[in-house]
Visitor: 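Once you've had a glance at the structure underneath, I'll fire off some questions.
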Protein chains: 2
Amino acid sequence: MARAGLTPERITAAAVDLADEVGFENVTLSALARHFGVKDASLYSHVRNLQDLRTRMAFLAGGELIDRIAAAVAGRAGKDALAAFAGAYREFALERPGRYAATQIRIDQSLVADSPALRRTAEITYGMLRAYGLEEPDLTDAVRLLRSTFHGYCALEATGGFGAPRDVQRSWDKAVDALHIALRHWPREGQQNDD
Amino acid sequence: MARAGLTPERITAAAVDLADEVGFENVTLSALARHFGVKDASLYSHVRNLQDLRTRMAFLAGGELIDRIAAAVAGRAGKDALAAFAGAYREFALERPGRYAATQIRIDQSLVADSPALRRTAEITYGMLRAYGLEEPDLTDAVRLLRSTFHGYCALEATGGFGAPRDVQRSWDKAVDALHIALRHWPREGQQNDD
DNA sequence: CCCAGTTTCCTAGGTCCTCTAGGAAGCAAA
DNA sequence: TTTGCTTCCTAGAGGACCTAGGAAACTGGG
C-alpha cells in the first residue's frame, strides 16, 4: 500500500479547509480520513485525538487571522488603524467561518503560554491603542472591549442573529465609529463620568 | 412498566439544567434518557430530534434571560438602565452557561417570527435606548453594538479568552461606561466624525 | 366494569463517529 | 540485506442519533 504522506500539518490544513466548508463542529476525523483515502485509525499516528486536532486548528487559524490583521494595520494609526483592524477581522470571520470558529475554542492554558500568534495579537492590539493615550489598567479594559465587540458582532452575524433589514456592513461601520469615540472619551480610572 | 411521565416541557427543562452542568454541546438525548430512566428511542415521541430539542432549549432559555433583564431594567432609565441590563445579562451568562449558550444557536427563521421572547427582548432593548434620543437607523445600529459587546464579552470570558490578571468585573463595568459614552456621543447618520 | 383506541415506551437494528490494540507493509540507514 | 522505525492496516469496543414496528399502559364510552 502506497503511503498517503500524512503529517500533522497536512491534516490540520485539510481540517481547517473542511471546517470552512461544513462548519467547525462538523469536522470529523472520519471525514478527514476519507479525504486522504485512509482509515480513521491511521490519523491517530499524527494527531492524538479530536481535541488535539482542534487545538492545532486553532493555532493555525489564529496565525492566519493575525497575519491578515497585521497586514491591514501596517502603516496606519488612530482611527484608520482601528477601522483597518476591524475590517480585516470581520472579513476573515465571514470568509473563513470554520477557521474563525476554530480561533474561539477554549484552549488549555498551558499551551497558550508560548503561542507566537497570541503574543503577536497582543502586540498589535496594544500598539494600535497607543494612539489613544491610555494606560493600564484602562488599556487592558479597552482591548477587552474591542475584542468583545468584534467577536460578538461576527458571532451574531454568523448565526443569523441580526434580523432587521438594516445593512449589516453599515451597522458595523457605525459600531467602529462608536468604539473610536468611546476610546477618545475613555472613562479613565478614578474619574467620575455621568454625563 | 410504569410510565415516566415525559413531556416536551419536562424534557426541555431537564435539558437546560443538564446544559448548565456539562455544557450545551454535551447535552445528549442518550444522557437525558438515562436521567429519566428510559430508552433513547422513547424521547422521540416527544421531541422530533436533537435539533428540535435544541430549539426548544433556546426558546426556554431566551425567555428566562429576558425575564431577568426585564426585572432588572424595570423602573430605570438612561445609564442606570444600561448598567442594569448589562449586569443581568452577564450574570445570566455566567450563572447559567448552558442556558446562555442555548440562546445563541442559529434558529430557523420561520420559527423566530412569532417568538414572544424575541419580541419582548426587542421592546425592552429599544425602550432602554429611547433615553439616548436616537432614531432609525441609528437605533438599530446601537442595538447591534450593545448586543455584540455584551455577547462577545460573555463568550470570551466563558472560553477563558481573557488571560490578563485584570479583574474581569472591573473591565465589564468599564465597557458599560464606554458604551454609555458612545451612545451619548453617537455618530449620527450623515454626520462626519473625525475627532 | 370492560373494551377500543390512543399514547407511551420498548426492542431491534442501522449508521456514523471516536479511539485502542496489535500486526503488516513501506522505508532508510547501517 | 538486514534491522528497526514509521506508517498504515484490520479488528473491534463503545457511544450517539434515529427509524420501524410492537407491546404495554392509560383513556373514555358503553
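Each chain gets a letter, A, B and so on, in the order the sequences are listed, and its residues count up from 1. Not measured: the values here are computed from a predicted model.
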Visitor: Tell me the interatomic distance from B/L6, atom CG, to D/dC26, atom C1', rounded to whole angstroms.
Guide: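 Spelled out: CG on B/L6 to C1' on D/dC26 is 15 Å.
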
Visitor: Does B/D167 have any side chain to side chain donor-acceptor pair (under 3.5 Å) partners at least two apart in sequence or in another chain, and if so, which?
Guide: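 Here no residue qualifies.
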
Visitor: Find the distance B/L32:CG to D/dG15:P and express it as a whole number of Å.
Guide: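 Distance check: B/L32 CG to D/dG15 P gives 17 Å.
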
Visitor: Do A/R144 and B/R166 pass the side chain to side chain contact (heavy atoms under 4.5 Å, CB included) test, and can you show the C-alpha distance, the side-chain angles, and the key distance before you say yes or no?
Guide: CA-CA 10 Å; A/R144 287 177 175 175; B/R166 167 72 169 167; 3.6 Å; yes

Visitor: Is the backbone N or O of B/I181 less than 3.5 Å from a side-chain atom of B/H185, with the two atoms forming a donor-acceptor pair by type?
Guide: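 Between the backbone of B/I181 and the side chain of B/H185 there is a qualifying donor-acceptor contact (under 3.5 Å).
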
Visitor: So, is B/T28 close to the D/dC17 phosphate, meaning a side-chain N or O under 4.0 Å from OP1 or OP2?
Guide: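 Yes.
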
Visitor: Residues from residues 33-51 of chain B sitting under 4.0 Å of DNA chain D, heavy atoms only?
Guide: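 Going residue by residue through residues 33-51 of chain B, the ones with a heavy atom under 4.0 Å of DNA chain D turn out to be B/R34, B/A41, B/Y44, B/N49, B/L50.
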
Visitor: Do B/F24 and B/Y100 pass the ring pair (Phe, Tyr, Trp, His ring centres under 6.0 Å) test, and can you show the C-alpha distance, the side-chain angles, and the key distance before you say yes or no?
Guide: CA-CA 9 Å; B/F24 179 75; B/Y100 180 69; over 10 Å; no

Visitor: Are B/D40 and B/R34 within salt-bridge range, i.e. N to O under 4.0 Å?
Guide: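 Salt bridge absent between B/D40 and B/R34.
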
Visitor: Do NZ/NE/NH1/NH2 and the carboxylate oxygens of A/R170 and B/D141 come within less than 4.0 Å?
Guide: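 B/D141 and A/R170: not salt-bridged.
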
Visitor: State which of C/dC17, C/dC19, D/dC18 makes the closest approach to the side chain of B/L29.
Guide: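 Of all the options, the side chain of B/L29 is nearest to D/dC18.
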
Visitor: Just to be sure I understand the rule, does B/A4 reach a base, reach only the sugar-phosphate, or reach nothing, if contact means heavy atoms closer than 4.0 Å?
Guide: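 B/A4: backbone/sugar contact only, no base atoms under 4.0 Å.
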
